[in-house]
Amino acid sequence: MKNRTGFGWLELVLGILMIILGILSFVWPKGAMTSMVMLYATAAIITGICDILFYIRMDQYTGFGPIVALISGIISVMTGMMLIIYPDVGEWIVYFLFPIWFIAHNVFNLATLKTLRMAAGDFCYYFTLIASIVGLILGWLMVLWSFGSIRSVSIIIGFYLILTGINCIVIALGGAGRMR
């Protein structure tokens with residue numbers, strides 16, 4: 001297996017986008033559910049592509065790819081595409097598919113922790129572990145509050161997006177950004 005070194009520009013851009021979306025979810029909770037559907041879709045598609053690329057890279061360099069990464073990537077891309085195709089019902093899609101996306105993405109993160117530890121070290125490993133557990137809890141809270149107020153769901157989405165953005169930046173800066 002080849003070493004993962006370098007700087008992850010895609011992870012950095014994704015992290016910055018996620019942090020911006022998270023802050024906007026706090027500032028404009030109603031607007032986050034209606035006018036920002038396309039930005040959420042973009043974040044979901046980029047995350048899905050990153051997960052699928054991770055699967056492909058791992059398959060190329062190790063001979064097998066974690067199937068959870070492929071499934072998580074497909075769900076993320078599907079979530080994003082549904083948000084783009086049905087912008088008028090984006091709020092309902094956010095209520096029902098974002099929790100699934102959050103949960104699937106965090107299951108993927110937990111499933112690939114061992115690889116991340118080998119590639120980026122202990123700090124990235126523990127940070128991703130904690131962020132993924134918090135993300136799972138937030139995903140399940142969204143399932144439980146799917147018919148709750150827009151404000152509470154926006155706060156959960158905002159917190160998760162900021163946490164995920166920070167995690168992407170930590171991974172990008174941790175040297176797990178690309179394979180040589």
Side-chain angles (χ1 to χ4, degrees), residues 7-54 69 72-110 112 124 127-174 176-177:
F7 189 76
W9 288 104
L10 186 60
E11 288 85 358
L12 179 66
V13 170
L14 179 62
I16 292 169
L17 177 65
M18 294 264 189
I19 290 171
I20 291 169
L21 288 174
I23 292 169
L24 291 174
S25 291
F26 284 128
V27 175
W28 296 304
K30 179 63 176 162
M33 293 297 164
T34 55
S35 66
M36 301 209 11
V37 169
M38 293 302 167
L39 291 174
Y40 286 139
T42 303
I45 291 170
I46 291 172
T47 301
I49 290 170
C50 287
D51 291 349
I52 293 169
L53 288 174
F54 179 79
S72 173
I74 291 170
I75 290 173
S76 294
V77 170
M78 286 175 41
T79 300
M81 292 306 296
M82 290 181 81
L83 286 169
I84 289 172
I85 292 169
Y86 301 109
D88 294 336
V89 293
E91 186 174 316
W92 288 104
I93 291 172
V94 167
Y95 279 141
F96 295 113
L97 289 181
F98 260 52
I100 294 169
W101 172 48
F102 283 8
I103 292 167
H105 186 70
N106 285 292
V107 167
F108 157 71
N109 285 344
L110 291 172
T112 58
C124 285
F127 192 88
T128 301
L129 174 67
I130 292 167
S132 297
I133 292 170
V134 170
L136 281 174
I137 292 168
L138 292 174
W140 283 108
L141 283 175
M142 285 182 64
V143 168
L144 296 174
W145 289 343
S146 62
F147 294 107
S149 72
I150 291 172
R151 179 76 179 151
S152 63
V153 173
S154 291
I155 289 171
I156 292 172
I157 289 172
F159 183 74
Y160 176 74
L161 290 174
I162 291 170
L163 184 64
T164 302
I166 292 169
N167 191 43
C168 287
I169 291 170
V170 166
I171 290 171
L173 297 175

query = Considering the options Ile46, Ile45, Thr47, Ile52, which one meets the side chain to side chain contact (heavy atoms under 4.5 Å, CB included) requirement together with Ile49?
reply = Ile45
Rounded to the nearest 0.5 Å, what separation is found between the [atom1] atom of [X] and the [atom2] atom of [Y]?
X	Y	atom1	atom2	answer
Leu141	Ile137	CG	CD1	7.5 Å
Ile84	Thr42	CD1	OG1	5.5 Å
Leu138	Ile103	CG	CD1	10.0 Å

Who are the side-chain contact (heavy atoms from CB on, under 4.5 Å) partners of [X], not counting sequence neighbours?
X	value
Ile100	Ile75, Leu97
Ala69	Phe54, Tyr55, Pro66, Phe108
Ile169	Leu12, Ile16, Ile19, Leu173

Which atoms form the tightest heavy-atom contact between [X] and [Y], and what is the distance?
X	Y	result
Gly158	Ser25	CA-CB, 3.6 Å
Ala43	Leu21	CB-CD1, 3.6 Å
Ala104	Ser72	O-OG, 3.6 Å
Asn109	Ser132	CB-OG, 3.0 Å
Asp51	His105	OD2-ND1, 3.3 Å
Glu11	Cys168	O-CB, 3.3 Å

Any Phe127 side-chain heavy atom under 4.5 Å of Ile171 side chain = no
inquiry  = With a 4.5 Å cut-off on side-chain heavy atoms, are Leu14 and Leu10 touching?
reply    = no
key: side chain to side chain donor-acceptor pair (under 3.5 Å) partners of Asn106, counting only residues at least two apart   = Tyr160
Partner residues of Ser76 under the side chain to side chain donor-acceptor pair (under 3.5 Å) criterion, sequence neighbours left out = Trp101
key: Polar contact flag, side-chain donor to acceptor under 3.5 angstrom, Asn167-Thr128   = yes
key: Residue pairs passing the side chain to side chain donor-acceptor pair (under 3.5 Å) test where at least one lies in residues 135-144, sequence neighbours excluded   = none
query = Does the side chain to side chain contact (heavy atoms under 4.5 Å, CB included) test come out yes or no for Leu110 and Leu136, once each step is laid out?
reply = CA-CA 10 Å; Leu110 291 172; Leu136 281 174; 3.4 Å; yes
